[in-house]
There are 2 protein chains.
Amino acid sequence: MLENIPSDVGRAEQGLGRNRDHVRQHNLSTILTLLHREGALSRSVLTQRTSLNRSTISDLVSELESLGLATEAPTVSGGGAGRPSILVRPSDSVVAFAVAIDIDAISVAAIGLSGHKISLKKRRTPDAPAVGTAVVVIRDLISQLKSELGAGIRIAGVGVAVPGQVRQEDGLVRQADFLNWREAHLAERLENEINLPVFIDNDARLGLRAEHEFGSGRDLTDVVYLIGRSAGVGGGAIVGGRPLSGTSGYGGDLGLIRISEGPLIQLSGHPGTLADLIQRDELLDATSLSDADDPTLLDYVRDHPSSRIRRVITAQVDALALGISSLINLFNPQAVILAGYLSILHALDAERLRERISLSALSHSLDDVHIIAVPVSSSRLLIGAAELPFGPLLNAPGVFTFRNPTSLRAISD
Amino acid sequence: MLENIPSDVGRAEQGLGRNRDHVRQHNLSTILTLLHREGALSRSVLTQRTSLNRSTISDLVSELESLGLATEAPTVSGGGAGRPSILVRPSDSVVAFAVAIDIDAISVAAIGLSGHKISLKKRRTPDAPAVGTAVVVIRDLISQLKSELGAGIRIAGVGVAVPGQVRQEDGLVRQADFLNWREAHLAERLENEINLPVFIDNDARLGLRAEHEFGSGRDLTDVVYLIGRSAGVGGGAIVGGRPLSGTSGYGGDLGLIRISEGPLIQLSGHPGTLADLIQRDELLDATSLSDADDPTLLDYVRDHPSSRIRRVITAQVDALALGISSLINLFNPQAVILAGYLSILHALDAERLRERISLSALSHSLDDVHIIAVPVSSSRLLIGAAELPFGPLLNAPGVFTFRNPTSLRAISD
DNA sequence: CATATTTGTTGTCTGTGGCAACATATAGTC
DNA sequence: GACTATATGTTGCCACAGACAACAAATATG
């Protein structure tokens, strides 16, 4: 009864040809995706954005409504002369569960199709959780969320953010050093447990995805993303509007970019790379703090200047600049987004960072790029994770089938 | 009368929606592109590959024929039972001119729509040509080729390979150090001269393009490409089936990947990068050769081992390995293609290269990748360049208009 | 209250691909 | 060599998505 992994509808097309059904699916998908990204749009705006005919939009929207994927709000006036247009919004009776697995906690959120968080559950774990523990915790939290949501809610699936290398085709966690996981069949086990399609991806890439679709990377086609988190420096890239994932899904881990030769012996980490040379703990050790979240750390460092702290920051900023300039040369992006701990480094010495970057980046590519620092909120990451199960739905709204909700309800009993 | 740059039909779509015409264009494009890539295909194969109906294929093919873009060869038998299928081939009465500008020569070739070279003209230049010189030489060679081709030939346009950074939107050569060009309006000037749509791109990227569409990178979705040429180390990447180009087109120059810190002062080159640390001349200097092409150099080095040569090779192989491993970690590709001088390095010590790569690449990504060395032939590069003008034709065969051929004929008079 | 403007709705039309039946051409078998 | 099985091209008809035009509805402006 269970299928191993949901067929990712509409992702890989069978044939190269296109027929009428494809057109319909494409247009439904386009509209629903627009609504999902923007939250709500009037029909007239949809007409403009898609350059489809008014009557076609009308038809498509009513199909989305009958599919229960969109609802119409009463007309909104005040937009100038003429008949006011009907507002269409994605239905928040369709949700996805987003999961973030961190070293010390597991969070699960219900995210509505409009891209907004509906509710959140978080459970702290004493240590990095084992795979089995994670499965149980996730199942419980989802079960709680589900009963809170009540009936009449349809669930697209579950998306999980893991700090490690994940094989995309089956959601196998190949290696997650900070969790001490190897070859963990998380997707499969979770799917057996909760009977929902489960997708897994690297957390940094999901952070980028959220940033790209809803945050400061909106509407950009080429983005480089670097994030400093408890589990080291990670990264991702948007290339030509699409995420860089590589053949199996290990690609785009830009924290692994090399900036110095490093020892040529394979250690546990990756010597000579950005991830190796920028360690949050190094700065933390230079303070008298034992543990601190990013805002606390930033405040402390600002209030307690010392030459040791200064040295650490300078060295890390320089390393970051070398990495970023190399990435700018490789990707010629519109933006470099720094998140988490790296945005702290940016806040501490943006000027030096900029200077150092311009020393070794191509001037033409440099002209195109904006360096953007964003604080990382765990909810951003969760929103990115929810995009995973929403993907198949958004790609083919007409043929997507929600998985058996009755057997789901049984879990919470 | 002249338009500045041909509108790249079908590249950037106006609206997100899709209607009937889009379907037709898409299917025509799909079929013509398949024919272009494969050289010739039977109708039945087209049916299978596109998963369109036989009758539809029949209709589409006859439209391509009436557009003069495809011809039908007599049926070919011997393929098992059943009525033999009609072979369809791209019409070689449609050609593109491909230009390669090198330090010491300019080559122009006529490439047929089937992707095969029809004829080639090469003119040596004493030094790196100035822009004006290049324009004149190219015009003359094209004019010669055109008169050889005779009447009844339609020309899709001109594609130029330049060793430097090229802005894609208008073909402005921003910087080509080895030619001593800055902000050279090559496309515009050439277009005024010969009244054909002119496209320009970085030569390494075009080498990759040829390799990806016709060579050892066929059917791969993620490829990393590095080429050693007279004008230093260049590179390119295919990400998710599409070329990595960045916002303005400077992206993908993988020769600029950093492998050591290098001096932090901006010199003329890019210290610490692959392009900086792998210099063909360094090996050449270690020999008694004054000048040599790649095969000659390889033979010499094999026949005259010396400790100095050995040192140079080892250092360069190690540098290459560091660069490649970093790229493997970033891109998780199916193949790393080494071309030109780099394929010599590979030939000289493939084992050490492999070993060194596996020291610093992620094991999971390493499992996916093949290291492939190809000799670089200038014709490969030209075939890549021809893809530029073929692009708009292949993307929208139904609406592509060939530019006024009468004024063209006037040139050769 | 009249007019201009914009948008939603409805019915009709166009054109593209699907489909089924038939025609055609080969290989294999007796 | 005739017959059968198989595969492909051809033809006429159909289904259906989106375009279009005419009309209705709802607002702003004077």
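Chain naming here is simple, since letters A, B, ... match the order of the sequence lines and numbering starts at 1 in each.
Side-chain contact of A:D92 with A:S114: a donor-acceptor pair under 3.5 Å is present, judged by distance alone.
If you take CG of A:N53 and P of C:dG11, they are 16 Å apart, rounded to a whole angstrom. For the pair A:L60 CG and D:dC16 C1', the interatomic distance rounds to 13 Å; values are reported in whole Å. When rounded to the nearest whole Å, the span between CD1 of B:I57 and P of C:dT16 equals 15 Å. Atoms CG (B:L28) and C1' (C:dG17) sit 12 Å apart, rounded to a whole Å. Atom CG of A:D59 is separated from atom C1' of C:dG11 by 13 Å (rounded to the nearest Å). Summarising the geometry, the separation between CZ on A:R24 and P on C:dG17 is reported as 18 Å, rounded to the nearest angstrom. Atom NE2 of B:H22 and atom P of D:dA17 are 18 Å apart (whole Å). Regarding B:L46, its CG atom lies at a distance of 14 Å from the P atom of C:dG17, rounded to whole Å.
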Show me the protein contacts with nucleotides 5-8 of chain C, counting only N or O atoms at under 3.5 Å.
unit_1, atom_1, unit_2, atom_2, d
C:dT5, O2, A:G82, N, 3.2
C:dT6, O2, A:R83, N, 2.6
C:dT7, OP1, A:S44, OG, 3.4
C:dT7, O4', A:R83, O, 3.2
C:dT7, O3', A:S85, OG, 3.3
C:dT7, O2, A:R83, NH1, 3.4
C:dG8, OP1, A:S85, OG, 2.5
C:dG8, OP1, A:I86, N, 3.3
C:dG8, O4', A:R83, NH1, 3.3
C:dG8, O4', A:R83, NH2, 3.3
C:dG8, N7, A:R54, NH1, 3.4

Look for any protein N or O under 3.5 Å of an N or O in nucleotides 13-15 of chain D and output each such pair with its distance, or none.
none

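Residue pairs meeting the salt bridge (charged side-chain N to carboxylate O under 4.0 Å, His left out) criterion with at least one partner in residues 60-71 of chain B, sequence neighbours excluded, are B:R24-B:E63. The ring-ring contact (aromatic ring centres under 6.0 Å, His included) contacts involving residues 27-74 of chain A comprise A:H36-A:F214, A:H36-A:F390, where partners must be two or more places apart or lie in separate chains.
When each of C:dG18, C:dT16, C:dG11 is scored by its nearest atom to the side-chain atoms of B:V23, the top-ranked nucleotide is C:dT16.
Not a single side chain to side chain donor-acceptor pair (under 3.5 Å) links B:T47 to another residue, sequence neighbours left out. With sequence neighbours excluded, no residue forms a side chain to side chain donor-acceptor pair (under 3.5 Å) with B:T71. With sequence neighbours left out, the salt bridge (Lys or Arg N to Asp or Glu O under 4.0 Å) criterion links B:R218 to B:E38. Here B:S55 pairs with B:N53 under the side chain to side chain donor-acceptor pair (under 3.5 Å) rule; sequence neighbours left out. Qualifying side chain to side chain donor-acceptor pair (under 3.5 Å) partners for A:S62, counting only residues two or more places apart in sequence or in other chains: none.
The shortest distance between the side-chain N/O atoms of B:N27 and the OP1/OP2 oxygens of C:dT16 is not below 4.0 Å. For the pair B:T56 and C:dG18, the criterion of a side-chain N or O lying under 4.0 Å from OP1 or OP2 is met.
Put simply, OG on A:S93 and CG on A:L113 are 8.5 Å apart, with the number rounded to the nearest 0.5 Å.
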